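Hydrogens, waters and symmetry mates are skipped; everything else that's a heavy atom, side chains included, is used. The shown structure was predicted, so the numbers you read here are calculated from the model rather than taken from an experiment. Chain identifiers are assigned alphabetically (A, B, ...) following the order of the sequence lines, protein sequences preceding nucleic acid strands; residue numbering begins at 1 within each chain.
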Amino acid sequence: MERLLEGLNAQQREAVTWSGGSALVLAGAGSGKTRVLTSRMAWLMQTGQVEAEAVLAVTFTNKAAREMVTRLGALARGNAREWWVGTFHGLCHRFLRLHYREAGLPAQFQILDMTDQQSVIRRVLKSLHVEDDQLSLRQAQQAINRYKEQGLRAAVVERHSAVHRLIQEVYEVYERQCQTDGTVDFAELLLRCVELWQRSGALRDHYQARFKAILIDEFQDTNALQYRWLKLLRGPHAEVFAVGDDDQSIYSFRGAEVANMRHFERDFAVQKVIRLEQNYRSTGTILDAANALINHNTQRFGKTLWSDSERGRPIRLFAADNDESEARFVVGDMVSHQAEGARLSEMVVLYRSNAQSRVLEQALVAQKVPYRVYGGLRFYDRQEVRHALAYLRLVVAPDDDQAFLRVVNFPPRGIGARSLELLQQAAQEAGNSLSRSAAGMTLAGKAGQGLRQFLETLAYLRTEVESGRALADVTRTLLERSGLLDYYRQDKGGEERIANLEELISAVYSFVEQQSSDLVTFLAHASLEGGELEAHDGVDSIQMMTVHAAKGLEFERVWIVGMEDGLFPHDNALGEPRGLEEERRLAYVALTRARQHLTLSHARARVLHGQLRYGKPSRFLEEIPEALCLKLGMEQGDRRNESYHATSSLSRSPWRVGQRVRHAKFGEGTVLAFEGDGAEGRLQVNFRDFGIKWLALAFAKLTGL
DNA sequence: ACTACGAGACTTTTT
DNA sequence: GTCTCGTAGT
């Protein structure tokens, strides 16, 4: 048991062994919060204070949940399957499967992910003849989710203006459609739980009595509904242990409320706020920069990161002429770091928005540097995979109209718009789902034949599932019989899609091996865990991602590009009252990802939305003390704004940024910057063995490589 | 039923 | 610049 506490600092230890009721832990970046969280769980169990089944731990991402289970498995005994550790949505799903009847759901209810939800709403908008200029799909989706997060049903929603009345109507029809389809969207998972506990005292009492210790990670990211959920679940004798960092709250745009941290202190009678301020990740210089930056925010809980580690290198600032030269610089710079012996996978380029990745990718391709972009299309989002899943869905939940419409004529089997119209009409009149009314209907000609074939395929698959055939086999049969495989075989460029469908079969197979052989459970898994693709190729490559995607990760060497006003902070954020502060927190998250090396760059001009735009250096750059920085490509000691403009054009340099050169004395290096004019100028070079040097071109003997 | 073309968006995004 | 959606035309 003592082993659990070994190597923890005083504050971490205090948090792990705390026993005075609910607690709030303010855990700074890199302060070992996951370790504290898992150690505390293990501590509660090992000291016998709480039984394993009385502990519930909530995270936001599946990845975090998985990590917690893994770490806990190493610390505590017991069956990981039975622990209530998961995401808010995952846990709600578990509750609802157990109590679907009380929650008013069919046994086979399905989960809609964002894309699914979008298609349902699109259909609703169409059926109500809502034009795009009255209410866009995006607006409608956002409004519905906002309402649900406020706990508001369509029946009680405001109707003051025409738009609100329209939204209300859409919301109402959407609710009804989901109910008949037997589907729930993400917010609905939470809302159903909340309503269920509010309605059924017995059920609420049961769970309140059961969970004695509730732990929550990333508390600053909770929304109003999640907070309500928590308040309902917490019984009179339970303690809630919340870990969060108000300075890393970067998701308010999707409803996260940092204010929940303050409410929590009050509502849960928190006696003690524990601060984890010792950082085990970054150099002193990087922490100083991050602290200085975040100090410009008001309304903080207040927390200052410090560390025992070395000062480290200065933070490098680079001013580029345009986005392309910025990209060339970054790539060349990374290559020279690699030449120093650093691994590419320990280097990351962070950017504010996804659109920025393109220029970088081009530069990487040009210099033949392997890279990996995070945050692309996820496995279960691919068209062909979604088609296949829609079939599987119809196998277990025939009444799901959405799934029905998706694949009734895919691959094409002659069921056109006219037939579907007839079908929908018949279904409406009979108050039936599409597939039920389709079963009792005879269509003429090709459409009738196609429909019959479609229904027969589904019926056949159902018998397969009922007879207990292995799910992977059923999936293969489905792909063959539905004609999906044939369709993509004939499709030019369909090889990748076929490969993905094969991949789906293996995904089903390994899911059955590892978790469950139940099809409904698999489908829920597919919706809840989008199937992020891990880098399984063994190639050492540069990492690229948005700052949001980098939260929770750390890297040896970090480059942050596009540090310009308008981009970072982003223009659109400045309109919101608290927008700038959130952008600053985002910048704070970005800086604190770096362990040893940090480079920030901006471009004086860049192509955005297909137009050339000129931008000033980000105000955040000015908020970082100059003494911590080393400016590349400009006179040292110059004050910021002035000097940024004083730097002369690289076009007058005989050398290009990113170019590899050899010096008689210093050896190999990469050109970082140039100033001056032609042969009169000075060149800044990062030498592999001698570091960064300024060289007067008139004297230096350089050769290109 | 499929394709081709044009309009309009476009910050961040997990579940 | 690039994607997605919707429509008009074949």
Engineer: Do NZ/NE/NH1/NH2 and the carboxylate oxygens of Arg153(A) and Glu188(A) come within less than 4.0 Å?
Structural biologist: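 Salt bridge present between Arg153(A) and Glu188(A).
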Engineer: Where do Arg619(A) and Asp565(A) land on the salt bridge (charged side-chain N to carboxylate O under 4.0 Å, His left out) test, with the steps shown first?
Structural biologist: CA-CA 6 Å; Arg619(A) 61 192 79 184; Asp565(A) 260 23; 3.1 Å; yes
Engineer: Quick one: is Asn62(A) getting a side-chain N or O under 4.0 Å of the dT14(B) phosphate, OP1 or OP2?
Structural biologist: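 No, no such contact exists.
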Engineer: Identify whether any heavy atom of Asp221(A) sits under 4.0 Å from a base atom; if not, whether one sits that close to sugar-phosphate; answer base, sugar-phosphate or nothing.
Structural biologist: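 Result for Asp221(A) = nothing.
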Engineer: Tell me, with the steps shown, if Tyr251(A) and Phe60(A) meet ring pair (Phe, Tyr, Trp, His ring centres under 6.0 Å).
Structural biologist: CA-CA 12 Å; Tyr251(A) 284 112; Phe60(A) 273 85; 8.3 Å; no
Engineer: With nearest nucleotide decided by heavy atoms, which residue, Phe186(A) or Arg413(A), maps closer to the 5′ end of DNA chain B?
Structural biologist: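 So the residue in question is Arg413(A).
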Engineer: Would you say Glu384(A) and Leu484(A) make side-chain contact, with heavy atoms under 4.5 Å?
Structural biologist: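 Of all side-chain heavy-atom pairs linking Leu484(A) with Glu384(A), none is under 4.5 Å.
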Engineer: Any heavy-atom pair between the side chains of Val184(A) and Ile111(A) that's under 4.5 Å?
Structural biologist: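 The answer is yes, as the side chains (C-beta and beyond) meet within the 4.5 Å cut-off.
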Engineer: Residues of residues 187-198 of chain A with any non-hydrogen atom less than 4.0 angstrom from an atom of DNA chain B: list those, numerically ordered, please.
Structural biologist: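 By residue number: none to list.
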Engineer: Set out, line by line, the N/O atom pairs under 3.5 Å between protein and nucleotides 2-6 of chain C.
Structural biologist:
unit_1: dC5(C); atom_1: OP1; unit_2: Arg122(A); atom_2: NH2; d: 3.3

Engineer: With Arg584(A) as the cation and Tyr588(A) as the aromatic partner, state whether NZ or CZ is under 6.0 Å from the six-membered ring centre and within 45° of the axis.
Structural biologist: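 No, Arg584(A) and Tyr588(A) do not form such a contact.
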Engineer: Only one of Arg613(A), Lys616(A), Arg606(A) forms a salt bridge (Lys or Arg N to Asp or Glu O under 4.0 Å) with Glu564(A), so which one is it?
Structural biologist: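 The option that passes is Arg606(A).
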Engineer: Without decimals, in angstroms, what is the distance between Arg606(A) CZ and dG1(C) P?
Structural biologist: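 Spelled out: CZ on Arg606(A) to P on dG1(C) is 16 Å.
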Engineer: Which nucleotides of nucleotides 8-13 of chain B have their base under 4.0 Å from a protein heavy atom (B), which only their sugar-phosphate (S), and which neither (-), written as one string 5' to 3'?
Structural biologist: --BBBB
Engineer: Below 4.0 angstrom, N of the basic side chain to O of the carboxylate: do Glu582(A) and Arg578(A) qualify?
Structural biologist: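 No salt bridge links Glu582(A) with Arg578(A).
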Engineer: Expressed as a whole number of angstroms, how long is the span from Leu608(A):CG to dG1(C):P?
Structural biologist: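 To the nearest whole Å, that distance equals 13 Å.
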Engineer: Just call it for Leu225(A): base, sugar-phosphate, or nothing, with non-hydrogen atoms closer than 4.0 Å on any strand.
Structural biologist: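 No contact.
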Engineer: Would Arg393(A) pass as a cation-pi partner of Phe404(A), given that its NZ or CZ must be under 6.0 Å from the six-membered ring centre and within 45 degrees of the axis?
Structural biologist: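 No.
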Engineer: Let me know the distance between CG of Asp116(A) and C1' of dT15(B), rounded to the nearest Å.
Structural biologist: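 Nearest whole value for this atom pair: 13 Å.
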Engineer: Between atom CG in Leu523(A) and atom P in dT15(B), what is the gap in whole Å?
Structural biologist: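 Atom CG in Leu523(A) sits about 18 Å away from atom P in dT15(B).
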Engineer: Using whole Å, report how far CD of Gln220(A) lies from P of dT14(B).
Structural biologist: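 Distance, rounded to whole Å: 16 Å.
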Engineer: Salt bridge between Arg604(A) and Asp321(A), side-chain N to carboxylate O under 4.0 Å?
Structural biologist: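 Here Arg604(A) pairs with Asp321(A) in a salt bridge, since their nearest N and O are under 4.0 Å apart.
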Engineer: Output yes when Glu529(A) and Arg66(A) qualify as a salt bridge under the 4.0 Å nitrogen-oxygen rule, no when they do not.
Structural biologist: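 Salt bridge present between Glu529(A) and Arg66(A).
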